[in-house]
Amino acid sequence: GDSVTQMEGPVTLSEEAFLTINCTYTATGYPSLFWYVQYPGEGLQLLLKATKADDKGSNKGFEATYRKETTSFHLEKGSVQVSDSAVYFCALSDLEGAQKLVFGQGTRLTINP
Amino acid sequence: GAVVSQHPSWVICKSGTSVKIECRSLDFQATTMFWYRQFPKQSLMLMATSNEGSKATYEQGVEKDKFLINHASLTLSTLTVTSAHPEDSSFYICSARDGLVSYEQYFGPGTRLTVT
């Protein structure tokens, strides 16, 4: 079945550092790819998405490019802030049928001032 | 917009009792709701998908008689954990989607269940 693998956390960085969180997937067909963020005490929020190969999703300074050849959707940000501290989930969904989300295991990110 | 609430946010119950968790879409009509379970330091695992007015579709390995899901209205779905046991202790998260508008799922903040 479909699956998503994320780099293991936790990840700790200093403010203004460059961030990369790796995500690779296995899927039949052509899924859509997502990054969700979960801030402490809150529900998951959609951070960005890409629906086809070579699409780049971006939001709040975060970017991820749908790479079909490497089955990857790595999350990047050029300069992180303390407020970016959260748990980040990579996910995929087949837009056909029930459109269920399959999540990676999540990566906890802590940014120190 | 697109807010989903869950109640309660945490609950402690004794082994053998049943617990009901509510999931509400506050500002949109949720044609589809999803229930997930999250173990510590692990991913969200989909338990079931429910469409308003019809029976839930459970994922493989999820006991439908133990985890009763009701989606009686376009703004409310409930998950009842029946005859709870300590191994049912977990973080339960719901999401909702207005399938007529988009495929995006909006997530509730989750419910921490502890069975003693």
Side-chain angles (χ1 to χ4, degrees), chain A residues 1-11 21-27 29-52 57 59 73 86-110, chain B residues 1-10 21 23-27 30-51 54-62 71 91-112:
Chain A
D2 296 350
S3 66
V4 176
T5 302
Q6 286 179 238
M7 66 183 285
E8 289 194 25
V11 174
I21 300 178
N22 290 337
C23 171
T24 57
Y25 68 91
T26 302
Y30 304 97
S32 289
L33 302 174
F34 306 83
W35 277 100
Y36 283 84
V37 58
Q38 186 176 31
Y39 298 105
E42 299 183 17
L44 274 74
Q45 302 173 25
L46 179 63
L47 179 61
L48 53 85
K49 66 180 185 288
T51 57
K52 62 183 186 297
N59 185 26
F73 193 55
V87 181
Y88 292 81
F89 292 91
C90 185
L92 66 80
S93 175
D94 186 341
L95 290 184
E96 303 297 322
Q99 302 172 7
K100 298 183 288 189
L101 283 167
V102 176
F103 287 91
Q105 68 268 39
T107 302
R108 181 173 298 279
L109 173 66
T110 301
Chain B
V3 177
V4 176
S5 70
Q6 281 185 243
H7 178 80
S9 55
W10 60 271
I21 301 170
C23 176
R24 293 181 185 273
S25 57
L26 299 185
D27 51 5
T31 52
T32 305
M33 286 185 167
F34 302 84
W35 286 95
Y36 297 84
R37 185 171 177 177
Q38 185 180 24
F39 292 99
K41 299 183 180 181
Q42 294 189 29
S43 183
L44 283 75
M45 300 299 295
L46 180 64
M47 298 174 67
T49 302
S50 71
N51 293 299
S54 53
K55 289 185 178 180
T57 301
Y58 290 82
E59 295 299 299
Q60 193 171 9
V62 177
H71 190 168
F91 196 56
Y92 292 89
I93 300 173
C94 74
S95 71
R97 182 181 72 203
D98 179 353
L100 299 179
V101 175
S102 79
Y103 54 78
E104 183 170 344
Q105 293 185 30
Y106 300 96
F107 286 81
T111 297
R112 171 76 60 193

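Lettering of chains follows the sequences in order, A, B, ..., and the numbering in each one begins at 1. The analysis underlying the following values was restricted to heavy atoms, covering all of them including side chains, and did not include hydrogens, waters or symmetry mates.
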**Q** So which part of Q38(B) gets closer than 4.5 Å to some heavy atom of chain A, the side chain, the backbone, both or neither?
**A**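 Just the side chain, heavy atoms under 4.5 Å.
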
**Q** Any idea which heavy atoms bring F89(A) and S43(B) closest together, and the distance?
**A**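 Here F89(A) and S43(B) meet closest at CE2-CA, 4.5 Å.
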
**Q** Any idea which of G106(A), G104(A), A91(A) has the most non-hydrogen atom pairs under 4.5 angstrom with chain B?
**A**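 The candidate making the most pairs under 4.5 Å is G104(A).
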
**Q** Can you measure from OH (Y36(B)) to NZ (K100(A)) and round to the nearest 0.5 angstrom?
**A**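 Atom-to-atom, Y36(B):OH and K100(A):NZ are 9.5 Å apart.
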
**Q** Let me confirm one number: the CD-CD1 distance from Q38(A) to I93(B), rounded to the nearest 0.5 Å.
**A**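 Those atoms lie 5.5 Å apart.
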
**Q** Where do F107(B) and L44(A) come nearest, in terms of heavy atoms and distance?
**A**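 Closest approach of F107(B) to L44(A): CB-O, 3.5 Å.
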
**Q** Looking at E104(B) and K49(A), does any basic side-chain N land under 4.0 Å from a carboxylate oxygen?
**A**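 No salt bridge links E104(B) with K49(A).
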
**Q** F91(B) versus chain A, heavy atoms under 4.5 Å apart: side chain, backbone, both or neither?
**A**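 Contact with chain A is through the side chain of F91(B) alone.
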
**Q** Please check if the number of heavy atoms outside M45(B) that lie under 6.0 Å from its CE is greater than 12.
**A**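 Count not over threshold, so no.
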
**Q** In terms of heavy-atom proximity below 4.5 Å to chain A, should L46(B) be classed as side chain, backbone, both, or neither?
**A**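 Contact with chain A is through the side chain of L46(B) alone.
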
**Q** State, with a plain yes or no, whether a side-chain heavy atom of F34(B) is found less than 4.5 Å away from one of L101(A).
**A**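 Not touching, per the 4.5 Å side-chain cut-off.
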
**Q** In terms of heavy-atom proximity below 4.5 Å to chain B, should Q45(A) be classed as side chain, backbone, both, or neither?
**A**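 Answer is neither: Q45(A) stays 4.5 Å or more from chain B.
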
**Q** For E59(B), does the CD atom sit with more than 12 other heavy atoms under 6.0 Å from it, leaving out its own atoms?
**A**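 It does: E59(B) CD has more than 12 such atoms within range.
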
